[in-house]
Number of protein chains: 2
Amino acid sequence: MEKNRKGLKVIRELSAVTPWPASVTPMSADSDGTHGFWPAGFTAGSVSAAIKYDRADLMLLVAKAPSSAAALFTRNLCCAAPVMLSREHLQRSRSLVRAIICNSGNANAATGEKGMDDALAMANAIARELAVKPEEVLVASTGVIGQLLPMERVLGGISAIPCSLQHDSGIDAAMAIMTTDTFPKFFTLELQLSAGSVRLSGIAKGSGMISPNMATMLAFLATDAAISPALLQKALKEANRKSFNAITVDGDTSTNDMAAILASGTGPEIKAHSSDFTLFCEALEALMTFLAKLIVIDGEGATKLVEVTVEGAANDRDAELAARTIAQSSLVKTAIHGEDANWGRVIAAAGRSGALFNQEELELYFNDLCILRPGLIADFSETAASEIMAKDSYTITLHLGCGQGRATVWTCDLSKEYVDINGSYRS
Amino acid sequence: MEKNRKGLKVIRELSAVTPWPASVTPMSADSDGTHGFWPAGFTAGSVSAAIKYDRADLMLLVAKAPSSAAALFTRNLCCAAPVMLSREHLQRSRSLVRAIICNSGNANAATGEKGMDDALAMANAIARELAVKPEEVLVASTGVIGQLLPMERVLGGISAIPCSLQHDSGIDAAMAIMTTDTFPKFFTLELQLSAGSVRLSGIAKGSGMISPNMATMLAFLATDAAISPALLQKALKEANRKSFNAITVDGDTSTNDMAAILASGTGPEIKAHSSDFTLFCEALEALMTFLAKLIVIDGEGATKLVEVTVEGAANDRDAELAARTIAQSSLVKTAIHGEDANWGRVIAAAGRSGALFNQEELELYFNDLCILRPGLIADFSETAASEIMAKDSYTITLHLGCGQGRATVWTCDLSKEYVDINGSYRS
């Protein structure tokens, strides 16, 4: 398919320029000519339940045995029914999970009691099909807010989906969870540990990542490593801070955001405080950052991926405040879109972010080009700046000149297409 | 001029639907067939200094005698040279001011030492022309960040501007401070006090109000009331909180924001803790809110003015957080633009705002139409909702159901024109 080809090309190119950790071998889905293998112990399937799209819109990820699970959920107070149910199921199953069922096209958010009943019905139906306990099933949904799921069609899809389970279905699974995404996002890493290798695979979707209505950032990861739920949660939380939590498309936090990882335990064991755990955390962060960047690249209306780094802040929190404010500024994002080296907008965004600094100390770079020197001196070549801004991807680095704090956030441009996509989503 | 006519019509129409305080008589510039009279004791002039635009771009407001002054400045750490200088001059003059000089087309921001020298040179030149002390002059600039002022042309303009001083120059003054604004914003109120009437006039400019690079929200107000600088500052600060600080076009706080008021003292005296002071504060808030709404109406690419009110919050701070987050959400603003009753985006923005509530208690209204009832029940008429959203102006009211906190924020839609305007501003 066209979408697959475009996506595979983007993924291959990003992988080629990614500074992967030394212990890691990146494996894009087409590197072995398959549709993307899951780690040992996992299969996934997808079917069309005709919820909204004319394509597969139900995804099922299955572990052959109860697997350590960890998950992070949206902090939006208007969280969706599947988020509330999955939180509850993680507790009741003591984080030993067998399956994740996810639909696209409808977020099952702001749907009240009926929404909770529907999410539970999805878990119950999958539990029956797979002969597992309902609390061993996590449920996720993504799509429009405030509409009830067409449950007859959803349950019809669920009865058909077990027949589609396959071991090399990464891309198909990633396709089935897309909303306004333009290509499926699946990637695998092989990681060398002391006792052998493990694999880490993940699918993700975003598009208006941080957008409450349609997008909802979802990521489902799987590994064959043997690792306790508590240790897995620790690794996920830490990796998330610098990956999915460090991207922005439009600053809107979804009602349905969810990142979950399952570990089948068929591979080598990872213990707390071991060097293997450190390697695992590094690899997980690398994979999640990779998927996060793919989400930004595929952001609604996005044409550019820009890495915003703030250095020399009083502390990491200030650095994050400034980086996030720059990355979310509509004026910075439109200037990126217009390829206009309007550096005043970058420092002005930092100036209102709440981060402390003295404007006389600021230093600003686009890639390696110095745009602003201390004393607010800007005597760069406009031609050189324009050449950088014409690229699909570049870095903006701001030194605040007052400490060691550092943070990186990835963002995209704000285009007229974003307004088009979001001015008429429901209709 | 075409711009004037369009602006006068907008101003007349907004005035007609504004709930003015009982003691106030609104006076639009064309109501007496003039170009807008200033209160007794004030004149203003404007000339073209060819800084950037092919029209008047220097504005001078002059008080016949030292006048009580109060001012509020941007909190952006990257504040502009004129902001720093005006802060200093207010202190040195003990808030007794004779003139405000303002240029458009160049913000004199992020210009280092040279920028400070230039701002001071502007104050010195005006002081010489008017035979007043330099510290009795406030300086303001608005336009692009990071470029030095063409001082030869600026000083040429300053030497010519005293000849243009007139008493009925409100609209011309408002024209001279515009950047991407599409019409001048001038308005006058007459206020009945116990000892007679006073007038309150103001000009404002915004466009990308809260936008660091081009817009910069500026407002200059004048009154003939006799009021101490301290009391004037108190009135300005309180009125600002619910007017200029309660609007958003794009969430970007400018480097040059400034709201200043001068009181000539030729009219009745206003004492602390008096009922006259209460009336004055009400009238000032009404005038500033009126000007603030004009700024939103004329926001970059804006086609709609939407009043977002959050009620029933745990406290006013929570209400403000929620109202501001809704008003600034790109997804809410694009839905407003697309006239799509995508209410899920409204509650999702509230849900990520940091304000506390239980989503089951939410109630949402567009004008008087109930969109969402407690229990997340949405069974409104899409036709009725579409009719409301097709209007130029309407209200969105969200009840959080957990207290007495209340706040209102005014916002506009996010259109493709905004992307156009800001993708290529500098060029």
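Computed from a prediction, not measured in an experiment: that's the story for all the values here. Convention: sequence-line order gives letters A, B, ...; per-chain numbering from 1.
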(request) Name all residues meeting the side-chain hydrogen bond (donor to acceptor under 3.5 Å, both in side chains) criterion together with A/Tyr365; count only those two or more places apart in sequence or in a different chain, and write none if there are none. (result) A/Glu363
(message) Between A/Lys304 and A/Glu339, does any NZ, NE, NH1 or NH2 come within less than 4.0 Å of an OD or OE carboxylate oxygen?
(response) yes
(request) Using a strict cut-off of less than 4.0 Å between a Lys/Arg side-chain nitrogen and an Asp/Glu carboxylate oxygen, indicate whether A/Asp379 and A/Arg373 qualify as a salt bridge. (result) yes
(message) Under 3.5 Å, is there a donor on one side chain and an acceptor on the other for A/Lys333 and A/Thr411?
(response) yes
Part of [X] within contact of chain B (heavy atom distance under 4.5 Å):
X        : answer
A/Ser353 : neither
A/Leu362 : side chain
A/Ala355 : backbone
A/Ala110 : both

